[in-house]
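Here the structure comes first, spelled out in structure tokens, and everything after it is commentary.
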Amino acid sequence: MLKLISDLLIILVAIEAFFIMGLEMFGNQSKLAQNAFHVSANYLAQPEARTSMANQGLYNGFIGVGILLGRFAFPVDAVYPTLLLFIGFVVVAAIFGALTANKQILLTQGAPAIVALVLMIWAH
């Protein structure tokens, strides 16, 4: 049961990474992006901000792909270390984001990853 819950949270973290990717790369002019990232429409209208967000989105996409490949496509003996790496990336990014940008990141992006990481380690 613990493994199932861990897997579900791991998939949730990957889906969230893809959602953030889409928002940063393709929806960065939206009201949703303004609210999610706590930035103004004026900031998002700047070409430099759009480029920066698109680049951040690309990295979030890489994280999502890494998590899904690690969980479903890699050999069994590579699953655990790969997931430790990629879920760990999300945890570190959430902590850094909370310290430098918005404390809410630790809850919205960090909490699912932290719980997934703890359960994954516990189940292993």
Side-chain angles (χ1 to χ4, degrees):
M1 184 62 153
L2 187 60
K3 177 83 169 101
L4 175 64
I5 295 169
S6 174
D7 282 345
L8 290 173
L9 281 170
I10 288 165
I11 293 166
L12 175 68
V13 172
I15 291 168
E16 184 177 37
F18 288 127
F19 174 76
I20 294 169
M21 177 199 75
L23 194 55
E24 288 175 334
M25 292 184 78
F26 309 111
N28 59 26
Q29 297 297 299
S30 69
K31 188 72 171 167
L32 181 58
Q34 288 177 43
N35 293 335
F37 304 122
H38 300 281
V39 294
S40 69
N42 289 337
Y43 173 77
L44 292 175
Q46 297 175 45
E48 296 87 1
R50 288 193 309 270
T51 300
S52 177
M53 288 188 73
N55 278 289
Q56 289 174 301
L58 184 63
Y59 286 101
N60 274 297
F62 292 156
I63 294 292
V65 168
I67 291 169
L68 292 181
L69 280 175
R71 177 59 192 91
F72 296 109
F74 284 8
V76 171
D77 59 340
V79 171
Y80 183 71
T82 301
L83 290 176
L84 278 178
L85 179 69
F86 281 97
I87 300 292
F89 286 160
V90 175
V91 171
V92 171
I95 292 168
F96 185 77
L99 292 172
T100 61
N102 182 344
K103 290 179 184 12
Q104 190 176 1
I105 292 171
L106 192 57
L107 179 64
T108 58
Q109 190 174 6
I114 291 167
V115 173
L117 188 64
V118 168
L119 289 178
M120 187 179 68
I121 292 168
W122 194 8
H124 188 70

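Side chains are part of it too, since the values below use all heavy atoms of this structure and drop only hydrogens, waters and symmetry mates. None of these values were measured; they are calculated from a predicted model.
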Tell me whether Met21 is reachable from Ile63 by hopping between hydrophobic residues (I, L, V, M, F, W, Y) whose side-chain heavy atoms are closer than 4.5 Å. no
Indicate, with yes or no, if Ile95 and Ile121 share a hydrophobic cluster defined by side-chain heavy-atom contacts under 4.5 Å among Ile, Leu, Val, Met, Phe, Trp and Tyr. yes
Minimum heavy-atom separation for Val39 and Ala33, please, with both atom names. CG2-O, 4.3 Å
Which is it for Phe86 and Val90 under the side chain to side chain contact (heavy atoms under 4.5 Å, CB included) test, yes or no, and what are the steps along the way? CA-CA 7 Å; Phe86 281 97; Val90 175; over 6 Å; no
Could you walk me through whether Leu44 and Met53 pass the side chain to side chain contact (heavy atoms under 4.5 Å, CB included) check? CA-CA 9 Å; Leu44 292 175; Met53 288 188 73; 3.2 Å; yes
Within a 6.0 Å radius of atom CZ on Phe72, are there more than 12 heavy atoms belonging to other residues, nucleotides or ligands? yes
Is the closest side-chain heavy-atom distance between Leu9 and Ile87 below 4.5 Å? no
Any chain of hydrophobic side-chain contacts (each under 4.5 Å) joining Val91 to Leu106? yes
Does Phe18 share a hydrophobic cluster with Phe37, counting links as ILVMFWY side-chain heavy atoms below 4.5 Å and allowing steps through other members? no
Any heavy-atom pair between the side chains of Thr82 and Leu85 that's under 4.5 Å? no
Do you know the tightest heavy-atom contact between Arg50 and Ala45? NH1-O, 2.5 Å
Of all heavy-atom pairs between Ile67 and Ala14, which one has the smallest distance, and what is that distance? CG2-CB, 3.8 Å
What's the shortest heavy-atom distance between Ala36 and Leu23, and which atoms? CB-CD2, 3.8 Å
Rounded to the nearest 0.5 Å, what separation is found between the OG1 atom of Thr108 and the NZ atom of Lys103? 13.5 Å
Does OH in Tyr59 sit with more than 12 non-hydrogen atoms of other residues, nucleotides or ligands closer than 6.0 Å? no
Roughly how far, to the nearest 0.5 Å, is the CD1 atom of Ile10 from the CG atom of Leu117? 8.5 Å
Can you measure from CD1 (Ile105) to CD1 (Ile20) and round to the nearest 0.5 angstrom? 8.5 Å
What closest approach, in Å, do Gly110 and Ala94 show between heavy atoms, and which atom pair accounts for it? CA-CB, 3.4 Å
Under a 4.5 Å cut-off applied to non-hydrogen side-chain atoms, are Asn60 and Gln109 in contact? yes
To the closest 0.5 Å, what do you measure between CZ (Arg71) and CE (Met120)? 10.5 Å
Decide yes or no for Trp122 and Leu119: does some side-chain heavy atom of the first lie under 4.5 Å from some side-chain heavy atom of the second? yes
Shared hydrophobic cluster, Leu2 / Leu83 (ILVMFWY, side-chain heavy atoms < 4.5 Å): no
Measure the CG-OG1 distance between Asn28 and Thr51 for me, rounded to the nearest 0.5 Å. 9.0 Å
Flag if over 12 foreign heavy atoms under 6.0 Å of NE2, His124: no
